[in-house]
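This report concerns only the one structure given below.
Start at 1 and go down the list; that is how both ligands and their atoms are numbered. What you see is a predicted model; the values in this text were computed from it and never measured. Computation of the quantities below employed the complete heavy-atom set of this structure, encompassing side-chain atoms and omitting hydrogens, waters and symmetry-equivalent molecules.
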Amino acid sequence: MHLLKSDAQTDRRGFFKKSLALIFGGVAALLPVAAAIRALTDPLRRKTAGGGAVRITSLDALLQDGVPRKFPVFASRTDAWNKFVNVPVGAVYLRRMSDGKVEALNVVCPHAGCFVDYSASRSEFVCPCHNSSFKLGGQIANPASPSPRALDSLPVEIRPDGSVWVTFQNFQAGRADKVPVA
Ligand code: FES
């Protein structure tokens with residue numbers, strides 16, 4: 001009887017040892033596979049080079065009348081495999097005030113991502129998709145606008161050579177806070 005109990009304990013210990021060996025062996029076998037998948041997909045997960053300052057135009061090209069003018073934005077993008085030079089990444093409205101200050105707004109409507117138009121007759125931005133409207137400074141004009149936030153303002157820098165640079169960034173649509181798109 002004593003011998004039988006001892007045999008059963010030995011069998012249980014053996015079973016646990018084999019189970020643990022199988023589990024750790026399986027994990028060890030999966031690690032290289034996971035590393036290979038990670039290496040293959042890394043360029044897809046890697047962020048493109050964005051969010052830096054981009055030259056948009058020269059200061060001379062902007063009348064000091066406070067009227068928004070639309071400019072395309074081109075930038076270089078890289079991933080692990082490719083470098084794309086001067087690809088279109090969006091557009092901005094630039095506005096130069098009488099005091100010389102320049103403001104930049106991303107043209108993308110924060111509601112669902114359509115490009116807003118500038119209406120000269122209304123002196124405001126209007127979204128053609130669901131009719132959000134925005135003041136010249138980007139604030140929501142009509143409280144009934146479905147946009148959850150104002151147009152996204154962007155930092156502007158005037159360089160000594162008279163060129164206008166904007167730190168371009170797209171932001172997630174459909175939310176009240178500005179969350180950069182990776
Ligand atoms: Fe502009 Fe809906 S996308 S109002």
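- Listed by number with element, the atoms of ligand 1 under 4.0 angstrom from any heavy atom of Cys114 are 3 (S).
- For the pair Trp165/Ile56, no side-chain contact is recorded, criterion being any heavy-atom separation below 4.5 Å from C-beta on.
- In terms of distance to atom 2 (Fe) of ligand 1, the nearest N, O or S atom of His130 is named ND1.
- Distance check for Cys127 against atom 2 (Fe) of ligand 1: none of its N/O/S atoms falls below 2.8 Å.
- Below 4.0 Å from some heavy atom of Cys109 lie the following atoms of ligand 1, by number and element: 1 (Fe), 3 (S), 4 (S).
- Pairing of Cys129 with Cys114 by a disulfide is supported, the SG atoms lying closer than 2.5 Å.
- At least one N, O or S atom of His111, from either the backbone or the side chain, sits less than 2.8 Å from atom 2 (Fe) of ligand 1.
- Contact annotation: for Ala112 versus ligand 1, heavy atoms closer than 4.0 Å belong to both the backbone and the side chain.
- Under the 4.5 Å side-chain heavy-atom criterion for Ile, Leu, Val, Met, Phe, Trp and Tyr, Phe134 and Val67 are members of the same hydrophobic cluster.
- Ring-plane geometry between His130 and His111 is classed as perpendicular, the angle between the planes exceeding 60 degrees on a 0 to 90 degree scale with a lower cut at 30.
- Regarding atom 4 (S) of ligand 1, its nearest protein heavy-atom neighbour is Ser132 OG, 3.2 Å.
- Between the side chains of Ser119 and Ser121, a donor-acceptor pair is found at a separation under 3.5 Å.
- With 3.5 Å as the limit, one finds a donor-acceptor pair spanning the side chains of Ser163 and Asp161.
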